[in-house]
Each structure stands twice: as structure tokens, then as C-alpha cells.
Amino acid sequence: MRTPRIIAVARDLVDEGTPLQLNDIARRAGVGVGTVYHHFPTAEALLETVAAPCLAELAAHGEQALADTDPRRALTGFLTRTVEAQVTDASLSPVTAASTDALPRTTELKRALKSACAQLLERAREAGVVRADLTSDDVVPLMCGIAYAAQMHSAPAARTETARRYLTALLEGLFIGTARHGRSNDVGGLRAGLPR
């Protein structure tokens, strides 16, 4: 029963932008410091535990996207869900950006996400619907950039919609055969593929 309370306190702190300090979490959760350290030896391990449900959901979404027979729709849907998660779950960006992981499960989930992204992008390239020079290594910083811009330039209530708008603009430049120079507000039906 103590572990869910510790995670809930950590989740609240992450959501308010407060760095995780295990002693502070123990105090707020009403448990001993030793109890927190027993379950979570580092703040990174606790942060990864907080992020795990979102990572697992994204990995599952990646698997579903791979089952979609339309490469453009599959990639668009996956990237949309990814950027939405980045702007709504404050634990996601620091965990995905970390070069090392505290927990094996985090490594597993991050690999699954990277693999899904690479496969979806490769399918889109093979179908001739996405730029040939775009690599999966390009996608992560682009998504992070969109999430960062949405967080910096919009109110919390508008971040998801702002991120979707930025993503649409980005994808219009990545997909082949899309209208250019303002000739269409719905490039290649792209907006229809984005969840509202």
C-alpha cells in the first residue's frame, strides 16, 4: 500500500514541475525515508516508474499503428499520440531523453517505441509517402522540439491543440505530394488523420 502512495506523491510533484527528492517524497507520503529508498533506490528509478504507464501506452499504440495498412495514417497517428503524450505527461520527456535507464522495464519500453517509430517510418518511405532523407534519428528531436514549443508558447489548456497544429505543419513538410505555399489548408487529407 505504501508504494502506490509514493508513486502518487511523485506523480503530483512531476506534474507541478518539482524535482523529485526522495526525502521530500517520504515526508509528503507520510512514510519513512528507508521505505522510499527500499522501493526506489534513486529519484531516476521513481521518475521512470511514474512514466512507465505512459511509455507502455505509447508502445501499445505503436503496435496498433503497425497493424494499420495505410502507412501515412499509421505514422501520423503514432506521431500525434507521441507528441500529445509529451505535452500532457511531464515525466515522459526527461525519461525518454535520458541516455541511461535506472530500470530494465524502461529500457524495454524505450526500445519498443524506437522500433515502432523506425518501422512506421520505413513503411512510409517504402510506400513513397514520406521524404526519403528522413530517418528515425530525426524524428525524436523533431517531436521533442514540437512538445517544447507547445509548452513554451501556449497556456496549459491549449498545449495539446497547439502541439497538434505544430505537428501538422511539420508533417506537411515531410510527406511527399502535399500542397505547398498555402494552396491547401488540408494538405493531402492530413488534418483529417489527426485526432481532435
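The shown structure was predicted, so the numbers you read here are calculated from the model rather than taken from an experiment.
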### Task
For residues R125 and T135, report the shortest heavy-atom separation together with the two atoms involved.
NH1-CA, 3.9 Å
### Residue pair I146 / L79, side-chain heavy-atom distance below 4.5 Å
no
### Query
Can you check whether T88 reaches R159 side chain to side chain, under 4.5 Å on heavy atoms?
no
### Query
Would a hydrophobic clustering, with Ile, Leu, Val, Met, Phe, Trp and Tyr connected at side-chain separations under 4.5 Å, put L75 with L142?
yes
### Query
V50, L58: one ILVMFWY side-chain cluster at the under-4.5 Å cut-off?
yes
### Query
Between F40 and L47, does a side-chain contact (heavy atoms from CB on, under 4.5 Å) hold up when you go through it step by step?
CA-CA 9 Å; F40 306 101; L47 181 62; over 6 Å; no
### Query
Are V139 and F78 connected in a single hydrophobic cluster, I mean Ile/Leu/Val/Met/Phe/Trp/Tyr linked by side-chain heavy atoms less than 4.5 Å apart?
yes
### Query
For the residue pair D70 and R73, what are the closest heavy atoms and their distance?
OD1-N, 3.0 Å
### Summary
Rounded to the nearest 0.5 Å, the CZ atom of R11 sits from the OG1 atom of T49 at a distance of 11.5 Å
Name every donor-acceptor pair, under 3.5 Å, that has one atom in a side chain of residues 108-117 and the other anywhere in the protein, sequence neighbours excluded.
from	atom 1	to	atom 2	distance (Å)
E108	OE2	R105	NH1	2.7
K110	NZ	V95	O	3.0
K110	NZ	A98	O	3.0
K110	NZ	D101	OD1	2.8
S115	OG	Q119	NE2	2.8

### Value rounded to 0.5 Å, distance of CG in L66 from NE2 in H61
10.0 Å
#### Entry: Stepwise side-chain contact (heavy atoms from CB on, under 4.5 Å) test for I25 and I6
CA-CA 7 Å; I25 290 166; I6 293 166; 3.9 Å; yes
### Query
What is the distance from atom CG of L167 to atom OG1 of T76, rounded to the nearest 0.5 Å?
7.5 Å
### Task
Measure the shortest side-chain to side-chain distance between L55 and T96 over non-hydrogen atoms and say whether it is less than 4.5 angstrom.
yes
### Message
Using the rule given for side-chain contact (heavy atoms from CB on, under 4.5 Å), can you reason through M143 versus V140, listing the C-alpha separation, both sets of side-chain angles and the distance that settles it, and then say yes or no?
### Response
CA-CA 5 Å; M143 294 301 98; V140 173; 6.0 Å; no
### Task
Only counting residues at least two apart or in another chain, list the ones meeting side-chain hydrogen bond (donor to acceptor under 3.5 Å, both in side chains) with T82.
none
### E84 side, atom CD; C54 side, atom SG - distance, nearest 0.5 Å
10.5 Å
### Task
Return the set of residues passing side-chain hydrogen bond (donor to acceptor under 3.5 Å, both in side chains) with E63 (not counting sequence neighbours), or none when no residue passes.
none
### Query
What distance separates R5 CZ from R28 CZ, expressed to the nearest 0.5 Å?
10.5 Å
Using distance only, find each side-chain donor-acceptor pair of residues 147-157 under 3.5 Å and give its atom names and separation, not counting sequence neighbours.
from	atom 1	to	atom 2	distance (Å)
Q151	NE2	Q86	O	3.2
S154	OG	A150	O	2.4

### Query
For P41 and A45, which heavy atoms make the closest approach, and how far apart are they?
CD-CB, 4.3 Å
### Message
Please tell me whether L103 and L92 are part of a single hydrophobic cluster in this structure, the criterion being side-chain heavy atoms less than 4.5 Å apart.
### Response
no
#### Entry: Closest approach of R131 to G173 (non-hydrogen atoms, all atoms of both residues)
CD-O, 3.2 Å
### Task
Measure the spacing between CD of Q21 and CG of L13 and express it to the nearest 0.5 Å.
9.5 Å
### Task
Measure across L20 and A43 and return the closest heavy-atom pair with its distance rounded to 0.1 Å.
O-CB, 3.5 Å
### Query
Does a side-chain heavy-atom distance below 4.5 Å link L170 with Y166?
no
#### Entry: D12: partners by salt bridge (charged side-chain N to carboxylate O under 4.0 Å, His left out), with sequence neighbours left out
none
### Message
Are L134 and L120 linked, directly or through intermediate hydrophobic residues, by side-chain heavy-atom contacts shorter than 4.5 Å (ILVMFWY only)?
### Response
yes
### Task
Under the side-chain hydrogen bond (donor to acceptor under 3.5 Å, both in side chains) rule, collect the residues that match up with E126, sequence neighbours excluded.
none
